[in-house]
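Heads up, the thing below is written out as structure tokens.
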Amino acid sequence: MSSQLSSLLTQTIGTFSISAILSAAVTLLICLVVVRVLLKLTRKLLAGSKLDQRVQKYILAGIRLLLYIVTALIVADCLHINMTSLVALLSVGSLGITLAAEDILGNVAGGLVILSSHPFAIGDFVEVSGTSGTVDEISLNHTKLVTPDGLMVMLPNKELASSRMTNYTVLGRRRVTRKITASYDAPTETVKAACRQALEATENVLEDPAPSIYLTEYGSSSIEYTVYCWATVEHYWQVHFDLNEHLRTAFAQNGVEMTYDHLNVHLVEKHS
């Protein structure tokens with residue numbers, strides 16, 4: 001019986017012996033069980049991390065692919081397949097693919113950095129490389145921004161990850177800054193009183209931090225004042241433009257005339 005079994009195991013199917021095929025099948029079964037256990041453990045570890053769900057998905061897919069490749073190599077070794085030439089071929093192929101897809105891989109790496117570090121999220125208003133807009137979509141390759149004038153701009157993640165980026169939304173508030181210039185004949189307190197009145201008339205200005213008015217520069221023919229106030233992100237542009245209108249009204253009510261000279265606002269006190 002044992003001699004018959006030994007004889008059966010030495011039989012070949014093609015170039016593979018039955019014993020090698022059985023050994024490969026058992027090895028494959030064990031490897032699949034190990035892969036399943038490792039993937040389950042990886043899911044638990046990723047679930048307990050603070051990584052973005054999309055990053056977790058990509059990491060899990062990469063680990064799964066790597067484990068299946070290792071499994072294939074182990075099974076091939078059980079079948080006594082010479083893997084030297086195959087590994088060399090895969091190495092050359094992967095090098096060619098890497099060189100051909102350098103920019104794509106750079107964008108993918110940038111996408112993983114963005115998704116893991118969370119510099120911005122969907123709906124944030126950001127400015128990067130001279131382009132500003134609301135984040136509409138974040139993928140591994142590109143990030144889509146919708147600009148204030150209604151344009152869709154696609155920025156490569158490689159550029160986003162390596163460039164200076166300003167997020168105007170993440171802190172929940174933005175500072176409104178208005179610079180005005182007044183004649184030396186206009187008393188400082190008159191100008192500041194007009195600015196305070198304009199601030200009080202403007203809705204949705206935050207009380208904390210409190211608005212402030214400063215004399216910021218002495219020019220050759222005028223004095224520059226800067227008005228600072230804060231608004232929530234959703235009310236920023238409303239406050240920005242409303243303050244302009246209320247400044248004009250407040251100046252008129254305080255007996256200060258607003259004139260324009262080379263696109264600079266000059267305030268001159270009226271004399272009766």
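- Other residues, nucleotides and ligands contribute at most 12 non-hydrogen atoms within 6.0 Å of the CZ atom of Arg36.
- The side-chain heavy atoms of Arg178 and His240, taken from C-beta on, include a pair separated by under 4.5 Å.
- Residue Tyr168 is tested with Arg173, Glu127, Arg174 for a side-chain hydrogen bond (donor to acceptor under 3.5 Å, both in side chains); the sole match is Glu127.
- Remark: the Asp149 side chain and the Thr147 side chain contain an N/O donor-acceptor pair separated by less than 3.5 Å.
- A donor-acceptor contact closer than 3.5 angstrom links the side chains of Thr143 and Asn157.
- Other residues sharing the hydrophobic cluster of Val233, ordered by chain and number and joined by side-chain separations under 4.5 Å: none, the residue standing alone.
- Inter-residue side-chain proximity for Cys229 and Arg175 is flagged as unmet; no heavy-atom pair is nearer than 4.5 Å.
- Hydrophobic clustering, defined by side-chain heavy atoms of Ile, Leu, Val, Met, Phe, Trp and Tyr closer than 4.5 Å, groups Leu171 together with Val170.
- Ile223 has its side chain within reach of Tyr184: a pair of non-hydrogen atoms, C-beta onward, lies under 4.5 Å apart.
- Side chains of Leu39 and Leu60 form a contact here, defined as non-hydrogen atoms less than 4.5 Å apart.
- A side-chain N or O of His235 and one of Thr232 form a donor-acceptor pair less than 3.5 Å apart.
- In terms of modelled atom types and a separation under 3.5 Å, the side chain of Asn167 and the main chain of Pro119 share a donor-acceptor contact.
- Side chains of Val135 and Lys144 form no contact here, defined as non-hydrogen atoms less than 4.5 Å apart.
- A side-chain donor-acceptor contact under 3.5 Å links Glu224 and Thr216.
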